[in-house]
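One structure is given here, and the rest of the page talks about it.
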Amino acid sequence: MFNLKAELGGARRGTLRTAHGDIETPFFMPIATKGAVKYLDNSDFKQLGNQILLSNAYHLYLRPGIEKLNSFGHLHKLMNWQKPILTDSGGFQVFSLARLRKLTDDGVVFNSHIDGKETFFTPELSMEIQDAIGSDIRMCFDYFPGYPADYDVAKKSVYLTTAWALRCKQWHDMVMQKRSKSVRSLLFGIVQGSSYKDLRKSSAQQLLAVDFDGYAIGGLAVGEPPEIMYEVLDNVVPELPTNKPRYLMGVGQPEQVLEAVKRGVDMFDCVLPTRNARHGQVYIRTQQDGLVAQDLSEIYYEKITIKGAIHDLSELALDPFCECYTCASGYSRAYIRHLFTIDDPLAKKLTSIHNLSFYVQMMAEIREAIDYA
RNA sequence: GGGUAGAUGGCAGAGCGGUCAAUUGCACUUGGCUGUAAACCAAGCGACCUUUGGUCUACGGGGGUUCGAAUCCCUCUCUACCCA
């Protein structure tokens with residue numbers, strides 16, 4: 001299911017086969033947590049050319065819920081999106097909604113952030129939800145602390161994450177056995193261990209023993225300096241098999257993605273391009289002839305605040321070198337700033353398209369660089 | 001012509017003798033967002049300076065009372081409403 005095709009230094013170029021089609025790696029996943037990439041629709045995705053979307057078990061469990069997903073026939077049909085979907089397990093919400101949950105060895109008791117209703121979230125429930133969603137790539141239910149984390153807490157996160165990964169794997173194997181190979185989903189384990197080298201290493205080894213379709217590196221970009229993140233990657237990636245995809249969860253800024261690619265990571269997701277877009281920050285190129293150096297040494301970009309007064313009269317496109325719908329259509333910085341000023345949804349749509357296009361384009365250039373190295 | 005109520009920072013609107021360069025909201029400016037409780041959050045928003053502090057100018061104009069006034073008094077101007 002994962003074919004490695006080329007390498008450039010530590011960077012890898014491959015194809016990941018899923019039930020809804022092949023994905024060229026390395027790739028970036030736009031985030032549709034609740035089944036929608038805010039402000040965008042299928043015609044936007046078609047122009048963007050993203051190969052996959054990411055969604056979330058916790059959020060889709062609350063709405064629309066397992067029953068409706070099953071009755072309607074999975075998220076692909078509900079969203080009218082026929083390409084691959086990866087789902088996060090709800091593990092991130094154990095972190096981000098820490099004030100609304102209680103951790104136990106068996107799972108997590110959540111109080112819904114919507115109506116307060118209590119749910120006991122277990123590895124099995126996460127798997128059941130992800131199956132109702134029908135996602136192509138599913139994540140184990142995991143637990144991780146923020147940064148910095150005490151050694152004992154990090155150690156516990158590894159212990160729980162492995163124990164839960166085993167339960168996820170059992171549930172997933174049992175269900176997939178009965179299905180034809182062509183519709184089987186992939187299950188990924190998630191390496192934890194905070195910034196501790198020995199914990200990260202043993203986490204990876206424990207998950208390898210369980211045997212997953214791919215391995216994610218989680219618990220990063222939670223407040224640690226980027227150098228720590230790179231150090232963790234340097235420690236973890238060599239522990240992972242070369243014939244399985246590697247996924248750095250939730251990362252990150254463009255240069256962080258590039259640094260991770262160079263260290264052998266194949267998959268990425270992050271809210272930054274879409275959230276920053278909604279908040280008026282856009283990524284733009286600083287060189288006309290490409291975003292990424294041919295040897296992957298550098299990425300040429302800057303972030304600008306399009307809401308800033310200095311764009312009041314600017315006739316420039318967001319990024320004059322960009323070919324995305326927003327930039328190619330001739331919308332000026334002045335107009336997009338105006339749209340933000342009057343709080344029109346078109347502002348967020350146009351910047352979301354642009355920022356996602358930046359990430360999709362960055363990944364395409366990275367793939368190209370590895371292919372032609 | 002007579003009466004009543006008002007006039008506060010870009011706007012709205014508190015304050016009614018000192019703790020007021022002035023609550024709050026909006027607007028504005030600048031930051032921040034990393035497996036999305038995020039169309040969110042934070043800071044700034046009279047001027048100047050030797051900037052955890054200081055000086056000056058400010059609550060319609062002018063004058064006064066007071067140690068001290070956005071706050072009290074007089075007067076002028078303007079606004080709204082009511083009566084002729």
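All values derive from a computational prediction rather than experimental measurement. Chain letters run A, B, ... following the sequence lines, proteins first and then strands; every chain starts at 1. We use all heavy atoms of the structure for the numbers below, so side chains are in, but hydrogens, waters and symmetry mates are not.
Taking only side-chain atoms of A/His279, from C-beta outward, the nucleotide of B/A37, B/U34, B/A38 with the closest atom is B/A38. Nearest to the side chain of A/Ala309, among B/A37, B/A39, B/U29, sits B/U29. The listed nucleotides are B/C40, B/A37, B/C33; the one nearest the side chain of A/Lys307 is B/C40. Side-chain atoms of A/His113 lie closest to B/A37 of the nucleotides B/A37, B/C28, B/A39. For A/His59, whose side chain is taken as the heavy atoms from C-beta onward, the closest listed nucleotide among B/U34, B/U36, B/A38 is B/U36. Distances from the side chain of A/Thr341 to the nucleotides B/A38, B/C28, B/A37 place B/C28 closest. Among the nucleotides B/A37, B/A39, B/U34, the one closest to the side chain of A/Val251 is B/U34.
A/Ser96 has a side-chain polar atom (N or O) that falls below the 4.0 Å cut-off from OP1 or OP2 of B/A37. Contact between the side-chain N/O atoms of A/Arg337 and the OP1/OP2 oxygens of B/U29 is found at a separation under 4.0 Å.
A/Gly308 comes within contact range of the sugar-phosphate backbone alone, with a heavy-atom separation under 4.0 Å but no base atom that close. A/Gln93 comes within 4.0 angstrom of sugar-phosphate atoms only, judged by non-hydrogen atoms across all strands, and of no base. Residue contacts shown for A/Asn276 include a base, since a base heavy atom lies under 4.0 Å away. No contact: A/Arg138 has no heavy atom under 4.0 Å from any strand. Residue-level contact check: A/Thr305 touches the backbone only, with heavy atoms under 4.0 Å from sugar-phosphate atoms and none from bases. Across all strands, A/Thr351 comes closer than 4.0 Å to no nucleic acid atom at all (heavy-atom distances). Contacts of A/Glu259 with the nucleic acid, taken as non-hydrogen atoms under 4.0 Å apart, are absent. Using a 4.0 Å heavy-atom criterion, one finds that A/Ile114 contacts no nucleic acid atom at all. As judged by a 4.0 angstrom heavy-atom cut-off over every strand, A/Asn56 is placed among residues touching the sugar-phosphate backbone only. Note on A/Leu100: a base of the nucleic acid sits closer than 4.0 angstrom, heavy atoms only. Using a 4.0 Å heavy-atom criterion, one finds that A/Phe95 contacts no nucleic acid atom at all.
Across the strands present, B/U52 finds no partner; the criterion is a Watson-Crick or G-U wobble pair with both atom distances under 3.5 angstrom. In this structure B/C45 sits in no base pair that meets the Watson-Crick or G-U test at under 3.5 Å. Base pairing analysis places B/C78 opposite B/G6; the two distances defining the Watson-Crick or G-U wobble pair are each below 3.5 Å. Nucleotide B/A22 forms a pair with no other nucleotide shown, judged by Watson-Crick or G-U wobble geometry with both contacts under 3.5 Å.
For A/Phe268 and A/Phe28, the ring centers are positioned 6.0 Å apart or more.
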Applying side chain to side chain donor-acceptor pair (under 3.5 Å), run through A/Gln130 and A/Thr87 and close with a yes or a no. CA-CA 7 Å; A/Gln130 294 185 68; A/Thr87 41; 2.8 Å; yes
Output, in order, the C-alpha distance, side-chain angles, deciding distance and verdict of side chain to side chain donor-acceptor pair (under 3.5 Å) for A/Ser126 and A/Ser89. CA-CA 6 Å; A/Ser126 177; A/Ser89 59; 4.5 Å; no
CA sep, side-chain torsions, deciding dist, call: A/Tyr283, A/Leu272, side-chain contact (heavy atoms from CB on, under 4.5 Å): CA-CA 10 Å; A/Tyr283 295 86; A/Leu272 280 176; 3.8 Å; yes
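Applying the 3.5 Å distance criterion, the base of B/A38 shares a donor-acceptor pair with the side chain of A/Arg275.
One C1' atom belongs to B/U24, the other to B/C73, and the distance between them is 31 Å to the nearest Å. Nucleotides B/G44 and B/A22 place their P atoms 12 Å apart, quoted to the nearest Å. B/C41 and B/A27: their P atoms are spaced 12 Å apart (whole Å). Here, B/C20 and B/C16 have their C1' atoms 13 Å apart, quoted to the whole Å. Rounded to whole Å, the separation between the P atoms of B/G64 and B/C59 comes to 16 Å. Using atom C1' as the reference point in both B/G13 and B/G6, the two lie 14 Å apart (nearest Å). Going from the P atom of B/G17 to that of B/U71 covers 11 Å, rounded to whole Å. Remark: the separation of the C1' atoms in B/A69 and B/G15 is 13 Å, to the nearest Å.
Summarising the geometry, the separation between CD1 on A/Ile31 and C1' on B/A38 is reported as 13 Å, rounded to the nearest angstrom. In this entry the distance linking CD of A/Glu224 with P of B/U34 reads 11 Å, nearest Å. Rounded to whole Å, atom P of B/U30 lies 11 Å from atom CD of A/Gln281. B/C26 atom P lies 19 Å from atom CD1 of A/Ile342, rounded to whole Å. Between A/Phe340 atom CZ and B/U29 atom P there is a gap of 13 Å when expressed in whole angstrom units. Regarding A/Asp343, its CG atom lies at a distance of 13 Å from the C1' atom of B/C26, rounded to whole Å. Following rounding to the nearest Å, A/Arg63 (CZ) and B/U36 (P) show an atom-to-atom distance of 15 Å. Residue A/Tyr230 contributes atom OH, which lies 15 Å from atom P of B/U34 at whole-angstrom precision.
The side-chain heavy atoms of A/Leu346 and A/Phe340, taken from C-beta on, include no pair separated by under 4.5 Å. Within the 4.5 Å cutoff, no side-chain heavy atoms of A/Phe141 are placed close to those of A/Met127.
Under a hydrophobic clustering in which Ile, Leu, Val, Met, Phe, Trp and Tyr are joined whenever their side-chain heavy atoms come within less than 4.5 Å, directly or via other members, A/Met176 and A/Leu69 fall into the same cluster.
Between A/Tyr58 and A/Gln253, the residue anchored nearer the 5' end of RNA chain B, judged by the nucleotide with its closest heavy atom, is A/Gln253.
For A/Glu302, the CD atom counts as densely surrounded, since its 6.0 Å shell holds more than 12 non-hydrogen atoms of other residues, nucleotides or ligands.
Relative to the six-membered ring of A/Tyr196, A/Lys155 misses at least one condition, a distance below 6.0 Å or an angle of at most 45° to the axis.
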